[in-house]
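Counting starts at 1 for both ligands and their atoms, in listed order.
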Amino acid sequence: MTARVYRGTDRNLSFLARRLRAGELVAVPSETVYGLAANALDARACRRIFAAKGRPRTDPLIVHIHSLRQLAEVAVPNPAALRLARKFWPGPLTLVLPKRPVVPAEVTAGLPSVAVRMPSHPLFRRLLQRCGLPLAAPSANAFGYVSPTTAAHVHHGLGKKIRHILDGGATPIGLESTIVDLRDPAHPRLLRPGAITRAQLNRALGTRLGAKTTVGRESEAQVAPGSLKRHYSPHAQVVLHPRLAQRAIAGGAPDEAWLFLKRPAGGKRRNVFWLDRSGTHAAVARRLFAQLRELDHAGFSVIHVELARGTGLAEAINDRLRRAAAQ
Ligand code: TXA
Ligand code: MG
């Protein structure tokens, strides 16, 4: 099979909503990265997600919803969760909460908790509304590879495994959602940093988020999401540097790329790249995964990258860089 790419017209959205209701998979744009969606209440449909991605069944899926009414259908919210939901939804924040029985074990990898997010991307929202179902969706990439931020990335990785890709252009944030564990509302924990920052969450909750304490193993359902150490990795070896200087790379081998966050003094050379002219964190986040893919396809076997400095979105950028660099 070869996937077809659909523009977000009314007719296409109605068609794709029917495909989802019939148990098929549809790749969808979100404000973070592209997701591979299925009816979250249909165990068979959700098993197809794992098969298409080559994802271990022990890695649970995020359930995407359109309304707070749907939140209460799939999860048991608490006051802290409702506070974050009112402040940051729709948006790039996922909440881990006790699950309701309607959510099949396939979605949660057998865990008694479910991860829920209300996305803000207008096409995803319209699709959710039209199909009237919660949609389970992990990132729409082959397991372990860099998450897709364009429809072309999805087609490149999964074009032979799925039939439908909804094209919403390049995703505006470019990194996966922030995940907060609120199973115990007295001890909220940050499981994955993202565009909703630790400081924003601490302020909204009036507490300090704890960090995840466990490192996931593929053999067990993950309590801490996305915690498999090597994840989001390009094929090339990624080497991290606190700082890169253009003059330090003069002797680099031809198969080594040097990736700066902002345009370096000295400008373009064959193996010198940058993520954004001025290096703002939002622009760096938006470009990061696409750039790693491009350097992979260009055949570089080593990518030297600079870490982001500061707090906020820098925490999420550096988290993804460290995962890409993990052996
Ligand atoms: O931005 C995003 O979060 C994107 C878009 C499509 O929404 N989704 C995404 O999903 O990045 P992905 O592939 O990272 O998978 C969801 C993560 C997994 O790493 C999983 O371990 C964690 O969320 N997760 C899901 N359900 C969980 C649960 N019940 N408890 C703990 N972690 C969970
Ligand atoms: Mg993923």
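- Note: Leu95 CG to Leu191 CG = 10.5 Å, rounded to the nearest 0.5 Å.
- Considering backbone and side-chain N/O of Arg192, one or more are found under 3.5 Å from N/O of ligand 1.
- For the side chain to side chain contact (heavy atoms under 4.5 Å, CB included) with Arg163, the qualifying choice from Glu24, Arg19, Arg4 is Glu24, the only one to do so.
- Residue-ligand proximity, Val96 to ligand 1, at heavy-atom distances under 4.0 Å covers atoms 30 (N).
- Residue Thr32 approaches ligand 1 through these ligand atoms, each under 4.0 Å from one of its heavy atoms: 1 (O), 2 (C), 4 (C), 5 (C).
- Between Arg117 and ligand 1, a contact under 3.5 Å exists for at least one N or O pair.
- Residue contact annotation: Ser139 places an N/O/S atom under 2.8 Å from the Mg ion (ligand 2).
- The part of Ile179 lying near ligand 1 is the side chain, judged by heavy-atom distances below 4.0 Å.
- Of the N or O atoms in Ser139, one or more lie within a sub-3.5 Å distance of an N or O in ligand 1.
- Rounded to the nearest 0.5 angstrom, Arg48 CZ and Asn39 CG are separated by 11.0 Å.
- Atom 6 (C) of ligand 1 has its nearest heavy-atom neighbour, among Ala27, Ala109, Gly35, in Gly35.
- Near Asp59, with a cut-off below 4.0 Å to any heavy atom, the atoms of ligand 1 are 18 (C), 19 (O), 20 (C), 21 (O).
- Within the structure, the ring-ring contact (aromatic ring centres under 6.0 Å, His included) test picks out the following pairs touching residues 9-42 (sequence neighbours left out): Tyr6-Phe15, Phe15-His164.
- Under a 4.0 Å criterion applied to the non-hydrogen atoms of Pro138, ligand 1 contributes the atoms 10 (O), 13 (O).
- Residue contacts with ligand 1 for Lys99 are absent, since no atom lies close enough (heavy atoms, distance under 4.0 Å).
- In this structure, Arg243 CZ and Leu307 CG are separated by 11.0 Å, a value rounded to the nearest 0.5 Å.
- Counting only non-hydrogen atoms, the option in Arg55, Arg183, Glu31, Lys53 that gets closest to atom 15 (O) of ligand 1 is Arg55.
- Atoms of ligand 1 found under 4.0 Å from any heavy atom of Leu61, numbered from 1 in the order shown, are 25 (C), 26 (N).
- Leu93 and Val180 get closest at one heavy-atom pair: CD1-CG2, 3.9 Å.
- Remark: the Ser177 side chain and the Thr32 side chain contain no N/O donor-acceptor pair separated by less than 3.5 Å.
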Between Thr280 and Ser278, is the side chain to side chain donor-acceptor pair (under 3.5 Å) condition met? List the steps. CA-CA 6 Å; Thr280 63; Ser278 55; 4.7 Å; no
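- Met1 forms part of no hydrophobic cluster, judged by ILVMFWY side-chain heavy-atom separations under 4.5 Å.
- Only the backbone of Val114 comes within 4.0 Å of ligand 1, counting heavy atoms alone; no side-chain atom from C-beta on gets that close.
- Residue Leu111 places a heavy atom less than 4.0 Å from ligand 1.
- Within the model, atoms CD1 of Ile196 and CD1 of Ile179 stand 13.0 Å from one another, a figure rounded to the nearest 0.5 Å.
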Start with the C-alpha gap between Arg117 and Ser30, add the side-chain angles, then the distance that decides, and say whether side chain to side chain donor-acceptor pair (under 3.5 Å) holds. CA-CA 11 Å; Arg117 167 164 120 77; Ser30 88; 3.1 Å; yes
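- Close approach of ligand 1 to Ala115 is summarised as follows: ligand atoms under 4.0 Å from at least one heavy atom of the residue are 25 (C), 26 (N), 27 (C), 29 (N).
- At least one heavy atom of His64 lies less than 4.0 angstrom from ligand 1.
- The shortest N/O to N/O separation between Ser30 and ligand 1 does not fall below 3.5 Å.
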